[in-house]
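Side chains included, hydrogens not; waters and symmetry mates left out as well; all remaining heavy atoms used.
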Amino acid sequence: MNLTDHFSLEELTSSSTAVRKGIDNAPPPEIIDNLKILAEGLEKVRSQVLNNLGMHIDSGFRCVALNTLIGGASNSAHTSGFAADFTCDGFGNPLSVCQAIQASGITFDQLIQEGTWVHLSFAPTLRRQVLTAHFIDGKASYTNGLG
């Protein structure tokens, strides 16, 4: 099922970890509307920032069981279908992607440079919060801004 021209429900819900661990990561019907909002936001980023280059979605929706298994935050926007982790190698590294999104004026909730990927949320709070993740011993801490 296509949510937008370039993003499908399957792409925003697939998880090799869920498959490997036998976790059903199918979103309930009420989450699908949120995934449409996410896909529409990703379309804006793709067309207005990334020069229509393809994006590789590493993680979109995560059911609570999957999110817990991978150590995601208990209040993660992934569990409500509003967030995706992605890369766009054709555009540049995650920091350059984050810098371009931040400069674009696109309204988002949270943008995090997570080392080797970009986390982007379109949750309804739309705070335009920009963070950088720092990993020590597998645990993430966050600082404001990019860098």
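In the hydrophobic clustering of ILVMFWY residues, with side-chain heavy atoms under 4.5 Å counting as a link, Phe122 and Ile112 come out apart. Under the 4.5 Å side-chain heavy-atom criterion for grouping Ile, Leu, Val, Met, Phe, Trp and Tyr, Leu131 is not connected to Phe135 through any hydrophobic cluster. Ile57 and Ile101 fall within the same hydrophobic cluster, where Ile, Leu, Val, Met, Phe, Trp and Tyr residues are linked whenever their side-chain heavy atoms come under 4.5 Å apart, directly or through other members. The cluster map of Ile, Leu, Val, Met, Phe, Trp and Tyr, joined by side-chain heavy atoms under 4.5 Å apart, puts Phe82 and Leu3 in the same cluster. By the criterion of side-chain heavy atoms lying less than 4.5 angstrom apart, applied directly or through intervening Ile, Leu, Val, Met, Phe, Trp or Tyr residues, Phe91 is grouped together with Leu120 in one hydrophobic cluster.
In this structure, Leu42 CG and Leu50 CG are separated by 9.5 Å, a value rounded to the nearest 0.5 Å. Atom CD1 of Ile106 is separated from atom CZ of Arg128 by 8.5 Å, given to the nearest 0.5 angstrom. To the nearest 0.5 Å, atom CE of residue Met55 and atom CG of residue Asp89 are 11.5 Å apart. Annotation: the span from Leu53 atom CG to Cys88 atom SG amounts to 5.0 Å, rounded to 0.5 Å. Note that OG of Ser16 and NZ of Lys21 are 11.0 Å apart. Values are rounded to the nearest 0.5 Å. We find the CZ-OG1 distance between Phe61 and Thr79 to be 7.5 Å, quoted to the nearest 0.5 Å.
At distances below 3.5 Å, not a single donor-acceptor pair connects side-chain atoms of Glu11 with backbone N or O atoms of Thr13. Arg62 places no side-chain N or O within 3.5 Å of a backbone atom of Gly72 that could act as its donor or acceptor partner. Checked by atom type and distance alone, the side chain of Thr68 pairs as donor or acceptor with a backbone atom of Val64 at under 3.5 Å. Not one N or O on the side chain of Asn25 forms a donor-acceptor pair closer than 3.5 Å with the backbone of Ala18. Judged by distance alone, the side chain of Asp24 and the main-chain N or O of Ala26 form a donor-acceptor pair under 3.5 Å. The main-chain N or O of Asp58 is never found under 3.5 Å from a side-chain atom of Asp85 such that the two would form a donor-acceptor pair.
Within a 6.0 Å sphere centred on CD of Gln129, heavy atoms belonging to other residues, nucleotides or ligands number more than 12.
At a threshold of 4.5 Å between non-hydrogen side-chain atoms, the residues Gln113 and Val130 do not count as touching.
Of all heavy-atom pairs spanning Ala100 and Val49, the tightest one is CB-CG1, 3.4 Å. Minimum heavy-atom separation, Ser80 to Asn34: O-ND2, 2.7 Å. Leu38 approaches Ala83 most closely through the heavy-atom pair CD2-O, 3.5 Å. Pairing each heavy atom of Val97 with each of Gly92, the nearest pair is CG2-O, 3.9 Å.
Counted by atom type alone, Asn67 and His78 present zero donor-acceptor pairs between their side chains at under 3.5 Å. Between the side chains of Gln48 and Ser104, not a single donor N or O lies within less than 3.5 Å of an accepting N or O. Between the side chains of His6 and Asn52, no donor N or O sits under 3.5 Å from an acceptor N or O. Side-chain atoms of Thr125 and Asp109 include a donor-acceptor pair closer than 3.5 Å.
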Return all side-chain donor-acceptor pairs below 3.5 angstrom for residues 137-147, not counting sequence neighbours, or 'none' if the list is empty.
{"residue": "Thr143", "atom": "OG1", "partner": "His134", "partner atom": "NE2", "Å": "2.8"}

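Every residue two or more places apart in sequence or in another chain was checked for a side chain to side chain donor-acceptor pair (under 3.5 Å) with Ser15, and none qualifies. Applying the side chain to side chain donor-acceptor pair (under 3.5 Å) criterion to Ser96, with sequence neighbours excluded, gives Asn93.
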Verdict with supporting geometry, Thr87 and Val118, side-chain contact (heavy atoms from CB on, under 4.5 Å): CA-CA 6 Å; Thr87 56; Val118 174; over 6 Å; no
Derivation of the side-chain contact (heavy atoms from CB on, under 4.5 Å) call for Gln102 and Leu111: CA-CA 8 Å; Gln102 183 181 26; Leu111 172 65; 4.1 Å; yes
Criterion side-chain hydrogen bond (donor to acceptor under 3.5 Å, both in side chains) on Thr4 and Glu40, from CA distance to verdict: CA-CA 7 Å; Thr4 61; Glu40 290 165 1; over 6 Å; no
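A salt bridge does not link Asp5 with Arg46: every distance from a Lys NZ or Arg NE/NH1/NH2 to an Asp or Glu carboxylate oxygen is 4.0 Å or more.
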